[in-house]
Protein chains: 2
Amino acid sequence: MSPSMSPSKSEPRAFLDIGHDHSHCVADALGRAEALCAVRGARLTKLRRRVFELIWASHAPVGAYDVLRRLSEEHAPAAPPTVYRAIEFLLEQGLIHRIESLNAFVGCCDPAEEQHSGQFLICESCGNVVELLDPKISKAIEESARRAGFAVTGSTVEVRGICPGCQNGGCKSGGPRNGRASRG
Amino acid sequence: MSPSMSPSKSEPRAFLDIGHDHSHCVADALGRAEALCAVRGARLTKLRRRVFELIWASHAPVGAYDVLRRLSEEHAPAAPPTVYRAIEFLLEQGLIHRIESLNAFVGCCDPAEEQHSGQFLICESCGNVVELLDPKISKAIEESARRAGFAVTGSTVEVRGICPGCQNGGCKSGGPRNGRASRG
DNA sequence: GATGAAATGTTATAGTATTACATTTCTAGA
DNA sequence: TCTAGAAATGTAATACTATAACATTTCATC
Ligand SMILES: [Zn+2]
Ligand SMILES: [Zn+2]
Ligand SMILES: [Zn+2]
Ligand SMILES: [Zn+2]
């Protein structure tokens, strides 16, 4: 049982359940990753799996050097290329996304969904991020690009703001990552 | 007369006119900036103006250290805080935008338009960027965020692809800035 | 077990951004 | 005009993010 009410499967949850059992998120994500890599013949090695887990450690984006530090604590000291190569693999496989405005990475909520653009709601208070897969946003972007004669290869939507939990006073998560203030 | 056909004022231009007289863009932008700062009582100092001009030097985003190099050529050698502070001012005034996926900056095409989200088409071939101000994209994002109970403070839309000129074979501009390959 | 390809280790360096403190310049009020 | 005080700029050091180049190990296949 989840400590807070879970939304039904048929409608999108409002944001992250506060106090949800995150180990389920990680386990589920790992299961999906294993399955996808198996199908594709991609090698989810021990190192890559560990980096994946560290990035999935929370719903807040994780920086490459955070991963590096954790890795160095567990094993012998690691160097940047170790983690950047793992991240590169995970990005190529669509298992994680890069949050451009934070120089950090989050697990993908639906890696089986092919080639989706990244759409993210980023809470400036608790640092948590949820991924959207909203066809209306994609459509609006595609339409606008088409009018300009622009051939789209990919896009990123990063929305800053305050999540419902923080509006009410209560996300306990670690707080936000750096991030620049911005006018719009 | 422009060497390539100009679109009418009433419909949005397709992309940048190839071979347009860019000095006009810069002059116009500088005029708008002066006027806005005057109205607001913001101090567009000599240094800030020069940084603004250097960022407006092309339609491709310019990195802070590019600005720094130019500045150092003109005056005595400058240090990073000099340019970052000027950039901070220009961002606050909405005179330029940050392109998150490139760690670089472009002039805003319509700084009088208050608090608009950044929406950009970024050509991966020539490096040029055009800014969109598409209410449909904004609306779709706002609607999606509202459904999630998320209070938006700002957003960035960065669309990668190939501009019409490059599709036809011919933007002569300097080529793209670094930028990471991406799945979506 | 030999072989080549893929993955990882290691060292060095490039590129981006901020902190902290000193100095200069500008603005307002006396 | 003179003079605080604020704003802007100068300067030095450092932190954070990312990649290049080359060595070594691991893995799949023959
Ligand atoms: Zn995703
Ligand atoms: Zn929050
Ligand atoms: Zn703008
Ligand atoms: Zn182009």
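Residue Arg98(B) places its side chain closer to dA17(C) than to any other of dA17(C), dT10(C), dT17(D). Checking dA17(C), dT11(C), dT17(D) against the side-chain heavy atoms of Pro80(B) singles out dA17(C) as nearest. If you check dA17(C), dT8(C), dA18(D) against the side chain of Phe105(B), the one that comes closest is dA17(C).
Note on Tyr84(A): a side-chain N or O is less than 4.0 Å away from OP1 or OP2 of dA18(D). In terms of phosphate contacts, Tyr65(B) brings no side-chain nitrogen or oxygen within less than 4.0 Å of OP1 or OP2 of dG15(C). For dG9(C), the OP1/OP2 oxygens have a side-chain nitrogen or oxygen of Thr82(A) closer than 4.0 Å. Contact check, Arg69(A) against dC16(D): no side-chain N or O comes under 4.0 Å of OP1 or OP2. When the side-chain nitrogen and oxygen atoms of Arg50(A) are compared with OP1 and OP2 of dT8(C), none of them lie within a distance under 4.0 Å. Put simply, Thr45(A) has a side-chain N or O that comes within less than 4.0 Å of OP1 or OP2 on dT8(C).
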Short N/O separations, protein against nucleotides 20-29 of chain D, under 3.5 angstrom:
none

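Between the CG atom of Leu47(A) and the C1' atom of dA6(C) there is a distance of 13 Å, rounded to whole Å. One can place NZ of Lys46(B) at 10 Å from P of dG10(D), the figure rounded to the nearest angstrom. Atom CD of Gln93(B) and atom P of dA7(D) are 14 Å apart (whole Å). Counting to the nearest Å, the P atom of dT10(C) and the CG atom of Leu71(A) are 12 Å from each other. In this structure, Glu88(B) atom CD and dT16(C) atom P are separated by 19 Å, rounded to whole Å. Atoms CG (Leu90(A)) and P (dT8(C)) sit 10 Å apart, rounded to a whole Å. Distance Glu74(A) CD to dT8(C) C1': 16 Å, rounded to the nearest Å. Rounded to an integer number of Å, the gap from Leu44(B) CG to dA7(D) P is 18 Å.
Applying the salt bridge (charged side-chain N to carboxylate O under 4.0 Å, His left out) test to pairs two or more places apart or on separate chains, none has a residue in residues 75-84 of chain A.
Of the candidates Arg50(A), Lys46(A), Arg69(A), Arg50(A) is the only one forming a salt bridge (charged side-chain N to carboxylate O under 4.0 Å, His left out) with Glu74(A).
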Inset, instruction - For the pair His22(B) and His24(B), evaluate ring-ring contact (aromatic ring centres under 6.0 Å, His included) and give the outcome as yes or no after the intermediate values. - result: CA-CA 5 Å; His22(B) 186 59; His24(B) 286 187; over 10 Å; no
Inset, instruction - Take Phe120(B) and Val106(B), measure what side chain to side chain contact (heavy atoms under 4.5 Å, CB included) needs, and give me the verdict at the end. - result: CA-CA 10 Å; Phe120(B) 308 98; Val106(B) 286; 4.2 Å; yes
Inset, instruction - Tell me, with the steps shown, if Arg48(A) and Glu88(A) meet side chain to side chain contact (heavy atoms under 4.5 Å, CB included). - result: CA-CA 10 Å; Arg48(A) 289 165 174 174; Glu88(A) 183 180 31; over 6 Å; no
Legend entry - Verdict with supporting geometry, Gln119(B) and Ser138(B), side-chain hydrogen bond (donor to acceptor under 3.5 Å, both in side chains): CA-CA 9 Å; Gln119(B) 304 173 347; Ser138(B) 307; 3.1 Å; yes
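Residues satisfying the side-chain contact (heavy atoms from CB on, under 4.5 Å) criterion with Pro81(A), sequence neighbours excluded, are Ala79(A), Arg85(A).
Panel note: side chain Glu53(A), backbone Val26(A); no donor-acceptor pair is recorded below 3.5 Å.
Projected onto DNA chain D by closest heavy-atom contact, Pro77(B) and Asn103(B) fall at different nucleotides, the more 5' of which corresponds to Pro77(B). When the nearest nucleotides of DNA chain C are assigned to Ala86(A) and Ala64(B) by heavy-atom distance, the more 5′-ward of the two goes with Ala86(A).
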